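Worksheet for the structure shown next.
Start at 1 and go down the list; that is how both ligands and their atoms are numbered. Starting from 1, each residue takes its place in the sequence as its number. Atom set for the values below is all heavy atoms of this structure, side chains included, hydrogens, waters and symmetry mates excluded. Model, not experiment: these values are computed from the prediction.
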Amino acid sequence: MKKVIFLLLITFFTLSLTGCSGSKEPKDLLSKIKFKNKIVIGIKNDSKPFGYIENGELKGFDVDIAKSVSKMLLGDKTGELIEFVYVTPESRIIDLNSGKVDIIIATMSINTTRAHIVDFTSPYFVAGQALMVPDGSRVNSIESLNTRKAGVILGTTGEKTIRQLAPNATIIGKKSYNEAFEFLAQGKIDAILADDSILYGYIIDNKGYKILPARYTKEYYSIALRKGKENEALKEELNKMIDFMQQSGRLNRIKEKWIPNLHKGA
Ligand code: GLU
């Protein structure tokens, strides 16, 4: 009998301990990330030079920001404590708000519509929307797209801008930058409206295209988090990090590494 009671007690303690470790997982996201010793980050894989794959390796400006985050929060020197999840402009807010990712670092601009459903840190980069056209194109302004075909990436701020500034354009929405670029190369669209920072990646890799000089918006890239109290401590840490990276010149060094000529006439 004593043995049975002893076994029951052991079982009870084991169960309650296991239960404890589960229920002890903190609610606050910053503590949770530290508790799990892992951070799940939504990132692009088709947006050179921000998030892209080369020789099987994920790299870019946003990847460097992600590594800085993991280093600051987890002391992670190599980025091995990050789980990257690839997101698209259409999927990223759903991936964030469903809990699939902890944060998003994916060329994502702050805008008022998005700010109703997600939270943003202070910006870490400023891009501007521009048009990319083939050399020799007759497109010389966004208005001239009113009688032509304009390519945009679905779910981006560019999709919104084209509707405002060239309402009579035939808008061709593509799911990825590569698909839009293929359409441009095949002459199926006359221009792509997108962030100069991402178009720049195509200009570097492909001869025969140019980015027109006009910029139609300012795109403040920021890290997106879920709304709510449990994300506030993390947001505060991320803002401190961005501030420090700005002050220390680290952000500028990352910019020089990935987009040295962006605002120098590329
Ligand atoms: N920065 C723009 C946006 O947030 C476009 C870049 C992108 O995410 O593809 O919509």
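- K48 pairs by the side chain to side chain contact (heavy atoms under 4.5 Å, CB included) definition with Y52, E54, D205, not counting sequence neighbours.
- With sequence neighbours excluded, the residues forming a side chain to side chain donor-acceptor pair (under 3.5 Å) with E237 are K240, listed by chain and number.
- No single ILVMFWY cluster, assembled from side-chain heavy atoms under 4.5 Å apart, contains both I204 and L212.
- For ligand 1, the 4.0 Å heavy-atom shell takes in K44, P89, R92, A106, T107, M108, S109, R114, T156, T157, Y177, D195, I198, E219, Y221, ordered by chain and residue number.
- Applying the salt bridge (charged side-chain N to carboxylate O under 4.0 Å, His left out) rule to pairs touching residues 108-127 yields D119-K235, sequence neighbours excluded.
- The main-chain N or O of K227 is found under 3.5 Å from a side-chain atom of N231 such that the two form a donor-acceptor pair.
- Using a distance-only test at 3.5 Å, with no hydrogens or angles considered, a donor-acceptor pair links the side chain of N146 to the main chain of N168.
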